[in-house]
Peer 1: 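Below: one structure in structure tokens.
Sequence positions, counted from 1, serve as the residue numbers for this chain.
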Amino acid sequence: MKKLILLMPESAVDVDANLRILGKLGVMHVSPFQTAKDESIERVDARIKQLEKAISILDRYDEKQDSNSIELSDYSKQERGEIHLMERVLGAEVNRNQLENSKLHLSKDMDWYQRWGNISLEDIQQLNKKGVYLKFYLVGDKDLKLLKSREDIHLIGRIDELNQVVLITEITDEKLDFLQVALPNMESFNAKIALKNTEKQLNEVEKLLQQLNSQKAVLQDALDERNKRLDVRNIHYGGIAIDNQVRCWKGFIPEDRVDQFTEVAEKNSWGYVIDEPTSEEMDEVPTLVRTSNWAKRIQPVMDFMGLVPGYKELDVSKVFMIFFTFFTGILVGDAGYGLIFLLITFLVHRKQKYVKKVEFQLMYTLSTAIMFWGILTGTYFGSEVIAEIPILNQLRISQLASFGGDSVFIQKFMFLIGAVHLTIGHLQISWRYLNSVKAIAQLGWVSIIWGLYLIVNQMVLGVPASGIMIWLFVGGALLIALFSNPGTSFMKGMISSLVNLPLSIINGFSDIISYIRLYAVGLSTVLMATSFNEMAIGDGVSTLASGIGAVIVLILGHGLNMILAAMAVLVHGVRLNMLEYAGHASVEFSGNEYTPFQIKK
């Protein structure tokens, strides 16, 4: 990355036009000098919110038009048509909400008359004028017994478990200590007519919104334009003005795009300074990761976890992708589940008309990995019966088998995966320091990793360690002590390396043991699947009811197990890459992503 200082004339018209050219070029990652503030930003932002609201309203309606359609203007051909369309949509929505509220209140009134009878509000008002007051209550059975002796209280009906009671009194403020029911707002006949008119108006408003949906693209285009305008404004006022004549921005640009930028800059008479970032500016330098197409499939996971390597850190996407795929296969480890994940991915992909998205490529890859590991271990929905089918039985590796396999061999294999994974991290650092003696120190760490692998097998699994183990530790420690700190004095560097070495070895030991989680979680997935099978069909299926129950248990049980397995992938599959491997590869994911100012259209 190169640091770029960019200068343009301060005139609002010039800045706007020039920034649009810069946005279309799409190469400069801008680091604002200040928070962008201006009335124009507030206006555009407010308009964006209105457009988004109008679009969300129209999203509720399809484009099927009624035969009695309303004649509408073509807003795409009108001046400021998008504003007129937006205002009409928002106005119609306000009207719709008001009508919905009116309908709700009128429906409550009609419900009151259905429950209490066709009582005249005018008659009640006449009685009130003559000093007689009627008050309506809902009373429980126990409380009703206490009121039977009162002559001013009358039972007129029942609603569910409550009794309808009317208090007739000449005292205005007299009340019963029970749930009082309010009177409706209008007479039954008037409420019925008003409800019918309200429903008619509501239907017309919804019909209007349904037809306005056909012009939603006008609003979407306007929203896209306003978002671009907002981007331009934020960049504009994020720069600093110099003597109200020139506006200046600081940013970064990939080294291979410098010639392209300078050509456009000179054509448009921009001022610029391109230089190397200083050591103080390294934290600001964005990270642009360029990797193979197959490794880009891991990007959704990296984005989800917010993982961006620092500018000076290794690109871990290839290793992350390979091992995350491998870990996913082991953690889920059921060919039946993998097939279901594959079918779900295919159906969703087909529904989206096979759009090219890296997310689908990732899911296809992970589903295939799950199926592959499930076939090797003979695991199909946790059923040993299916695993013993002759064709499937021949495909599995007996030592890895979920049913009757060698658990010690499998655990040793997991530790082996861990040792290989961590070794790759140190070898990557060694390759990076190929022209330095620090590369030799990383080979020392590789030696210690394999020594730890042997000692873990001995301590955890009881597998006797080879006599070479002690020499792996001695040789590795010697290389680390001699070559880890070449820039300092020999004795200082050696002492510093040896002081930190014991703690680093302990951390490495725990890191290798962490890979046993692959075995443990994969085994738990198989055991849960087997348990649900036993619950569903362990005693056989003899009746229709037991068959239906078995199907329900199988669907719910395996569905839950697949969800838990997917969560395990996110927790353990990501962790082993993000913490164990990344720690040994000295990757802290401390970077910020390269996001150039870009206007695509």
Peer 1: Which atom names give the shortest non-hydrogen contact between A585 and L314, and what distance separates them?
Peer 2: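 That closest heavy-atom pairing would be O-CD1, 3.5 Å.
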Peer 1: Considering only heavy atoms from C-beta outward, does the side chain of V316 approach that of F589 to under 4.5 Å?
Peer 2: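 The answer is yes, as the side chains (C-beta and beyond) meet within the 4.5 Å cut-off.
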Peer 1: Rounded to the nearest 0.5 Å, what's the gap from CE on M28 to CD1 on I253? Could you check?
Peer 2: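 These two atoms lie 8.0 Å from each other.
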Peer 1: Give a yes or no on whether E263 atom CD has more than 12 heavy-atom contacts from other residues, nucleotides or ligands under 6.0 Å away.
Peer 2: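 No, not enclosed.
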Peer 1: Does M321 reach the side chain of L362, with side-chain heavy atoms less than 4.5 Å apart?
Peer 2: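 A side-chain contact under 4.5 Å exists here.
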Peer 1: Go through Q442 and F483 one step at a time and tell me if the side-chain contact (heavy atoms from CB on, under 4.5 Å) criterion holds.
Peer 2: CA-CA 9 Å; Q442 293 303 315; F483 301 111; over 6 Å; no
Peer 1: Would you list the atom pairs, donor with acceptor, under 3.5 Å between side chains in residues 340-352 and any protein atom, with sequence neighbours excluded?
Peer 2:
residue : atom : partner : partner atom : Å
T345    : OG1  : F341    : O            : 2.8
H349    : ND1  : Y364    : OH           : 3.0
H349    : NE2  : V355    : O            : 2.8

Peer 1: Is there side-chain contact between M414 and I330, with at least one heavy-atom pair below 4.5 Å?
Peer 2: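 M414 vs I330: side chains touch.
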Peer 1: Got L479 and W445 here, is their nearest side-chain heavy-atom distance under 4.5 Å?
Peer 2: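 No; the side chains remain at least 4.5 Å from each other.
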Peer 1: For residues 255-262, dump all side-chain donor-acceptor pairs below 3.5 Å to protein atoms at least two apart in sequence or in another chain.
Peer 2:
residue : atom : partner : partner atom : Å
D256    : OD1  : R290    : NH2          : 3.4
D256    : OD2  : R290    : NH1          : 2.7
D256    : OD2  : R290    : NH2          : 3.4
R257    : NE   : Q260    : OE1          : 2.6
R257    : NH2  : Q260    : OE1          : 2.9
T262    : OG1  : V258    : O            : 3.2
T262    : OG1  : D259    : O            : 2.9

Peer 1: Go through the steps to decide whether W431 and L427 satisfy the test side-chain contact (heavy atoms from CB on, under 4.5 Å), and finish with yes or no.
Peer 2: CA-CA 6 Å; W431 180 262; L427 290 177; over 6 Å; no
Peer 1: Just by distance, no angles: are the side chains of S102 and T198 close enough, under 3.5 Å, to form a donor-acceptor pair?
Peer 2: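 Side-chain D/A pair, S102 to T198: absent.
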Peer 1: CD of Q245 to CG of D243: how many Å apart, nearest 0.5 Å?
Peer 2: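 Rounded to the nearest 0.5 Å, the CD-CG separation comes out at 7.0 Å.
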Peer 1: Please indicate whether M567 has more than 12 foreign heavy atoms, meaning atoms of other residues, nucleotides or ligands, lying under 6.0 Å from its CE.
Peer 2: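 Not buried by this count: 12 neighbours or fewer within 6.0 Å.
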Peer 1: Working to the nearest 0.5 angstrom, can you tell me the gap between E199 CD and L99 CG?
Peer 2: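 So the CD of E199 and the CG of L99 are separated by 10.5 Å.
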Peer 1: Evaluate the criterion salt bridge (Lys or Arg N to Asp or Glu O under 4.0 Å) for residue pair R96 and E93; output intermediate values, then yes/no.
Peer 2: CA-CA 5 Å; R96 191 194 67 80; E93 179 65 8; 3.0 Å; yes
Peer 1: Taking the basic N atoms (NZ, or NE/NH1/NH2) and the acidic carboxylate oxygens, is any pair closer than 4.0 Å for D224 and K228?
Peer 2: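 Salt bridge between D224 and K228, a charged N being under 4.0 Å from a carboxylate O: no.
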Peer 1: Would you say the side chain of L58 lies within less than 4.5 Å of the side chain of Q215, judging by non-hydrogen atoms?
Peer 2: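 In short, these two side chains do not touch, never coming nearer than 4.5 Å.
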Peer 1: Mark yes or no for whether N213, through its side chain, and Y61, through its backbone, hold a donor-acceptor pair below 3.5 Å.
Peer 2: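 Indeed, once roles are kept as given, a pair shorter than 3.5 Å links the two residues.
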Peer 1: Hey, is the main chain of V27 close enough, under 3.5 Å, to the side chain of Y594 for a donor-acceptor pair?
Peer 2: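 Present.
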Peer 1: With rounding to the nearest 0.5 Å, note down the distance linking OG in S56 to CG in L51.
Peer 2: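 One finds 10.5 Å between OG of S56 and CG of L51.
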Peer 1: How close do A568 and V521 get, heavy atom to heavy atom, and via which atoms?
Peer 2: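 The answer is CB-CG1, 3.6 Å.
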Peer 1: Any donor-acceptor pair under 3.5 Å linking the side chain of S514 with the backbone of S510?
Peer 2: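 Flag set: sc S514 to bb S510 pair under 3.5 Å.
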Peer 1: More than 12 heavy atoms of other residues, nucleotides or ligands under 6.0 Å from CH2 of W294: yes or no?
Peer 2: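 Counting other residues, nucleotides and ligands, CH2 of W294 exceeds 12 neighbours.
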Peer 1: For a side-chain contact (heavy atoms from CB on, under 4.5 Å) check, start with the C-alpha distance between R247 and M8, then their side-chain angles and the critical distance, and finish with the verdict.
Peer 2: CA-CA 5 Å; R247 189 164 285 268; M8 293 180 183; 5.5 Å; no
Peer 1: Under the side-chain contact (heavy atoms from CB on, under 4.5 Å) criterion, do L6 and L22 qualify, and how do the steps go?
Peer 2: CA-CA 11 Å; L6 178 62; L22 181 66; 3.8 Å; yes
Peer 1: More than 12 foreign heavy atoms under 6.0 Å from CZ of R60: is that the case here?
Peer 2: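 Counting other residues, nucleotides and ligands, CZ of R60 exceeds 12 neighbours.
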Peer 1: Should the pair E284-K250 be classified as a salt bridge under the 4.0 Å nitrogen-to-oxygen rule?
Peer 2: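 Yes, E284 and K250 are salt-bridged.
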Peer 1: Is Y237 reaching over with its side chain to a backbone N or O of S40, donor-acceptor style, under 3.5 angstrom?
Peer 2: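 Flag not set: sc Y237 to bb S40 has no pair under 3.5 Å.
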Peer 1: Answer yes or no: is there a side-chain heavy-atom contact under 4.5 Å between W270 and I21?
Peer 2: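 Side chain of W270 against side chain of I21, heavy atoms only: contact under 4.5 Å found.
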Peer 1: Pick from L219, L223, I55: which one makes a side-chain contact (heavy atoms from CB on, under 4.5 Å) with M86?
Peer 2: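 Of all the options given, the one that passes is L219.
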Peer 1: Drop me the distance from D16's CG to H236's NE2, to the nearest 0.5 angstrom.
Peer 2: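 With rounding to 0.5 Å, CG (D16) is 8.5 Å from NE2 (H236).
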Peer 1: Can you tell if the side chain of R575 reaches within under 4.5 Å of the side chain of R517, non-hydrogen atoms only?
Peer 2: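 R575 vs R517: side chains touch.
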Peer 1: Looking at N577 and G573, would you say the former's side chain and the latter's main chain have a donor-acceptor pair under 3.5 Å?
Peer 2: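 Yes; judged by distance alone, with no hydrogens or angles, the pair exists.
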Peer 1: Could you measure the distance from the CG atom of L564 to the CG atom of L331? Nearest 0.5 Å is fine.
Peer 2: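 So the gap between those two atoms works out to 12.5 Å.
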Peer 1: Count the heavy atoms belonging to other residues, nucleotides or ligands that lie under 6.0 Å from CG of N244, then report whether that count exceeds 12.
Peer 2: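 No, not enclosed.
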Peer 1: Give a yes or no on whether Y354 atom OH has more than 12 heavy-atom contacts from other residues, nucleotides or ligands under 6.0 Å away.
Peer 2: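 Yes - once you tally the heavy atoms of other residues, nucleotides and ligands closer than 6.0 Å, there are more than 12.
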Peer 1: Can you tell me if E588 uses its side chain to pair, donor with acceptor, with the backbone of G310 under 3.5 Å?
Peer 2: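 No.
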Peer 1: Is V285 close to N592 at the side-chain level, that is, under 4.5 Å between some pair of heavy atoms?
Peer 2: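 With C-beta onward as the side chain, the pair stays apart.
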Peer 1: Is the ring pair F320/F324 parallel, tilted or perpendicular, if the boundaries are 30 and 60 degrees?
Peer 2: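 Tilted: the ring planes of F320 and F324 meet at 30° to 60°.
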Peer 1: Are there more than 12 heavy atoms of other residues, nucleotides or ligands under 6.0 Å from atom CD of Q34?
Peer 2: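 Result for CD/Q34: enclosed.
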Peer 1: May I ask you to say whether R226 pairs ionically with D45, meaning some side-chain N is under 4.0 Å from a carboxylate O?
Peer 2: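 Salt bridge between R226 and D45, a charged N being under 4.0 Å from a carboxylate O: no.
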Peer 1: Do you know which two heavy atoms are closest between A477 and L501, and how far apart they sit?
Peer 2: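 Heavy-atom minimum between the residues: CB-CD2, 3.5 Å.
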Peer 1: Without swapping roles, check the side chain of T287 against the backbone of P309 for a donor-acceptor pair under 3.5 Å.
Peer 2: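 Yes; at least one donor-acceptor contact below 3.5 Å.
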Peer 1: Under a 3.5 Å distance rule, please check whether S430 uses its side chain to pair with a backbone N or O of H426 as donor and acceptor.
Peer 2: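 No; zero donor-acceptor contacts below 3.5 Å.
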Peer 1: Measure from the side-chain N and O atoms of H29 to the backbone N and O of T595, and report whether any donor-acceptor pair falls under 3.5 Å.
Peer 2: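 Between the backbone of T595 and the side chain of H29 there is a qualifying donor-acceptor contact (under 3.5 Å).
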Peer 1: Can you give me the closest heavy-atom contact between S31 and F252, atom names plus distance?
Peer 2: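 Answer, listing the atom of S31 first, then F252: OG-CE1, 3.5 Å.
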Peer 1: Would you say the ring centroid of H421 lies under 6.0 angstrom from that of F326?
Peer 2: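 Not under 6.0 Å, so no.
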Peer 1: Which atoms form the tightest heavy-atom contact between A54 and V89, and what is the distance?
Peer 2: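 Scanning both residues completely, I find the closest heavy atoms to be O-CG1, 3.7 Å.
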Peer 1: I'd like to know if E100 pairs up with K103 as an ion pair, taking the criterion as any Lys NZ or Arg NE/NH1/NH2 lying under 4.0 Å from an Asp or Glu carboxylate oxygen.
Peer 2: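 The answer is no: the pair does not qualify as a salt bridge.
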Peer 1: Could you tell me which non-hydrogen atom of E359 sits nearest to which non-hydrogen atom of P300, and how far apart they are?
Peer 2: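 Minimum heavy-atom separation between E359 and P300: CG-CG, 3.9 Å.
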